[in-house]
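Encoded as structure tokens, the structure appears first; notes follow it.
Because the structure is predicted, anything quoted here is derived from the model rather than measured. Throughout, protein chains are lettered first and strands after them, A, B, ... in sequence-line order, and every chain is numbered starting at 1.
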Number of protein chains: 2
Amino acid sequence: MPATVSEKTIGRLSLYRRLLYELRSAGEENLYSHQLAQMAGVTAAQVRRDLMSIGYSGSPTRGYDVRELGESIGRFLDSPIDQGVALVGVGNLGRAIMAFFAGRRPHLRIVAAFDTDPYKVNRVIQGVRCYSLEQMPQVVESEGIQVGILAVPAVAAQGAADTLVRAGVRGLLNFAPVPLRVAPDIYVEDIDMTMSLEKVAYFARQRATQKELQTW
Amino acid sequence: MPATVSEKTIGRLSLYRRLLYELRSAGEENLYSHQLAQMAGVTAAQVRRDLMSIGYSGSPTRGYDVRELGESIGRFLDSPIDQGVALVGVGNLGRAIMAFFAGRRPHLRIVAAFDTDPYKVNRVIQGVRCYSLEQMPQVVESEGIQVGILAVPAVAAQGAADTLVRAGVRGLLNFAPVPLRVAPDIYVEDIDMTMSLEKVAYFARQRATQKELQTW
DNA sequence: GTAACGCTGTGAATAATTTCACAGAATAAT
DNA sequence: ATTATTCTGTGAAATTATTCACAGCGTTAC
Ligand SMILES: NC(=O)c1ccc[n+]([C@@H]2O[C@H](COP(=O)([O-])OP(=O)(O)OC[C@H]3O[C@@H](n4cnc5c(N)ncnc54)[C@H](O)[C@@H]3O)[C@@H](O)[C@H]2O)c1
Ligand SMILES: NC(=O)c1ccc[n+]([C@@H]2O[C@H](COP(=O)([O-])OP(=O)(O)OC[C@H]3O[C@@H](n4cnc5c(N)ncnc54)[C@H](O)[C@@H]3O)[C@@H](O)[C@H]2O)c1
């Protein structure tokens, strides 16, 4: 069991757990590494290697217990106490995100939203209260929020990140197409849709071209 | 100049180009690898290594020409002819995406949307016509679409992917939290917000804990 | 019993990615 | 001119991530 677990492994564990949850709903009780691997789109060795890091062991004959493994990943990934999330920027994307996460994982839910638009402040959207920026330090403090989602325009992203971090947030999910400058002990995950779409366009084109050249 | 360029490098090149474009708007004409690196949040060696793959050379004394380098990345990344994109699923997320990409890069724009909801079909949203699923093969064919964005509910994602691929699409940007099963010559990029948020929550917590234990 | 099977857990090998470190080059200063 | 400076481009090294390959085990079949 390694001291630190890589970012990639954490991501895959999250995926495995979701797949296990679906299997459990479907009534499955056991599965082998190669089955989970096929569902997750990775190799069986990868699955077993990832599971080493949480210290869960399967049986050579039955494989893994769907319920136990799911719970084991949960104990590893989730906080023992519920983690509240703050969303900054209640625009088109922000509202879609609120709708998406509403009523999902209770361990990790959006508990407060922030926006500069006075029309949005004090409204309740998807069951979540929208506050003004001035209220952020107080709300983040009182709710014990450690995670922030940035869905503000690019120009406002760095400022919003600074305010969140000053208020006590330790991790950021950033949708603004701007690399954030934060202290090295703050974790930032960027979701850069423009970059992702350009990647898809590049490789789609490349594969199409390769296909044409396929003469062997 | 390597025969194939890694996915990660393609992603960073997309980012570099955006940063260069901003610099150009700000009137900058030259910059060094360490400056671009700092803006992109990577090392200078990484920038130089990435630029090797597109075969653009800078000057040891002036660094890189902002305009030339941007154009050079464009020639490498972009298709010589405009690439149209199809969006499937005009819900909360789909509409936010349409708003976001509307009027951005003309090389790579959403030219058609698809939805099963008869209320949405034949409407024009953000300048983009919404079609029924039955029209997909015909529209994808006539528009020469190679790239698809999936913003449909999880249960509909695999079916929508299959329909897109059958119609001729070679690359997919998938927002549904479901690993897609497609032919190996189809490129898929997943944006899994649940996984990303869980990663942030995990590392935010871990860093916070480390800070507490910081006794050295 | 015990032999055969097909899995897991994991050291070792391999592959991919990043960083180091420095020769070579363009310029500026003298 | 010559020297000093500070960068780029790139082999080589280091690091990180993935895959191979197999010993060992629980189960089943006979
Ligand atoms: N819409 C998308 O699908 C999409 C896709 C990729 C990236 N993004 C990025 O996500 C961000 C939000 O996009 P959007 O489409 O929701 O934009 P939007 O304009 O619809 O919403 C932005 C919201 O942020 C609020 N805001 C502005 N400044 C603020 C500040 N300083 N503090 C708090 N709130 C502030 C605005 O009042 C508005 O409600 C942008 O950075 C955009 O580039 C959006
Ligand atoms: N909203 C978010 O911020 C968010 C975040 C992460 C992931 N997602 C994922 O993105 C997807 C869409 O999310 P959403 O919030 O926009 O959902 P939504 O319910 O608002 O929209 C889904 C849209 O897809 C259409 N649709 C349903 N079946 C279809 C089919 N077979 N073909 C074409 N269109 C079909 C519906 O009519 C609807 O317009 C979901 O898979 C969701 O899990 C959304």
Side-chain angles (χ1 to χ4, degrees), chain A residues 1-16 20 23 28-66 68-70 72-73 76 179 184 187 195 199 203, chain B residues 1-16 20 23 28-66 68-70 72-73 76 179 184 187 189-190 195 199 203:
Chain A
M1 211 164 139
T4 68
V5 180
S6 80
E7 250 178 79
K8 295 198 166 187
T9 294
I10 296 296
R12 284 189 298 261
L13 286 172
S14 161
L15 172 59
Y16 299 156
L20 288 166
L23 283 171
E28 296 292 328
E29 296 191 347
N30 295 90
L31 93 169
Y32 297 119
S33 62
H34 68 261
Q35 297 176 299
L36 187 52
Q38 130 118 7
M39 283 189 286
V42 300
T43 64
Q46 181 82 84
V47 168
R48 295 202 299 273
R49 180 70 58 188
D50 288 335
L51 296 189
M52 278 178 74
S53 39
I54 62 165
Y56 180 81
S57 269
S59 134
T61 36
R62 275 189 238 297
Y64 306 98
D65 182 295
V66 172
E68 271 180 29
L69 179 54
S72 191
I73 295 176
F76 183 83
Y187 182 85
M195 180 204 278
K199 271 173 73 174
F203 287 108
Chain B
M1 211 166 137
T4 69
V5 180
S6 81
E7 250 178 80
K8 295 196 166 187
T9 294
I10 296 297
R12 284 189 300 259
L13 286 172
S14 162
L15 172 59
Y16 300 157
L20 288 166
L23 282 171
E28 296 291 329
E29 295 193 347
N30 295 92
L31 92 168
Y32 297 119
S33 62
H34 67 263
Q35 298 176 298
L36 187 52
Q38 130 118 7
M39 283 188 286
V42 299
T43 65
Q46 180 82 83
V47 168
R48 295 202 299 274
R49 180 70 58 189
D50 287 336
L51 296 189
M52 277 179 73
S53 40
I54 63 164
Y56 181 80
S57 269
S59 136
T61 34
R62 276 190 236 296
Y64 305 98
D65 182 294
V66 171
E68 271 180 29
L69 179 54
S72 191
I73 295 176
F76 184 83
Y187 182 84
E189 169 100 359
D190 291 294
M195 180 204 278
K199 270 173 72 174
F203 287 108

Might you work through the side chain to side chain contact (heavy atoms under 4.5 Å, CB included) test for A/Asn30 and A/Tyr64, ending with a clear yes or no? CA-CA 5 Å; A/Asn30 295 90; A/Tyr64 306 98; over 6 Å; no
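- If you measure from atom OH of A/Tyr64 to atom P of C/dG6, you get 18 Å, rounded to the nearest angstrom.
- Rounded to whole angstrom, the span from the OH atom of A/Tyr56 across to the C1' atom of C/dT10 amounts to 18 Å.
- For the OP1/OP2 pair of C/dG9 and a distance below 4.0 Å, the side-chain nitrogens and oxygens of A/Tyr32 include no atom meeting the criterion.
- Note: A/Arg48 CZ to A/Ser57 OG = 12.0 Å, rounded to the nearest 0.5 Å.
- When atom types are taken as modelled, the side chain of B/Glu68 and the backbone of B/Asp65 share no donor-acceptor pair closer than 3.5 angstrom.
- One atom, CG of A/Asn30, and another, C1' of D/dG26, lie 13 Å apart when rounded to the nearest Å.
- Every side chain to side chain contact (heavy atoms under 4.5 Å, CB included) that B/Thr9 has, sequence neighbours left out, goes to B/Val5, B/Ser6, B/Arg12, B/Leu13, B/Asp50, B/Ser53.
- A/Tyr187 and A/Glu7 form a side-chain donor-acceptor contact under 3.5 Å, judged by distance and modelled atom types alone.
- Listed for the B/Tyr32 side chain is a donor-acceptor partner under 3.5 Å among the backbone atoms of B/Thr61.
- Here the straight-line distance linking atom CD of B/Gln35 with atom CE of B/Met39 works out to 7.0 Å at 0.5 Å rounding.
- Between the NE2 atom of B/His34 and the P atom of C/dT18 there is a distance of 21 Å, given to the nearest Å.
- Remark: C/dA12 base-pairs with D/dT19. Criterion, Watson-Crick or G-U wobble with two distances under 3.5 Å.
- Taken to the nearest 0.5 Å, the OG1 atom of B/Thr4 stands 8.5 Å off from the CZ atom of A/Phe203.
- What you find for B/Ser72 and B/Ile54 is that their closest heavy atoms are OG-CD1, 3.9 Å.
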Between the protein and nucleotides 16-21 of chain D, are there any N/O to N/O pairs under 3.5 Å, and if so, what are the atom names and distances?
residue : atom : partner : partner atom : Å
D/dT18  : OP1  : A/Arg12 : NH1          : 3.3
D/dT18  : OP2  : A/Arg12 : NH1          : 3.4
D/dT18  : OP2  : A/Arg12 : NH2          : 3.0
D/dT19  : OP2  : A/Thr43 : OG1          : 2.9
D/dT19  : O4   : A/Arg49 : NE           : 3.3
D/dT19  : O4   : A/Arg49 : NH2          : 3.1
D/dA21  : N6   : A/Arg48 : NH2          : 3.2

Look for any protein N or O under 3.5 Å of an N or O in nucleotides 24-27 of chain C and output each such pair with its distance, or none.
residue : atom : partner : partner atom : Å
C/dA26  : O3'  : B/Thr61 : OG1          : 3.3
C/dT27  : OP1  : B/Arg62 : NH2          : 3.1

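- Atom CG in A/Asp65 sits about 15 Å away from atom C1' in C/dT8, given to the nearest Å.
- In this structure, the CE atom of B/Met52 is 4 Å from the P atom of D/dT10, given to the nearest Å.
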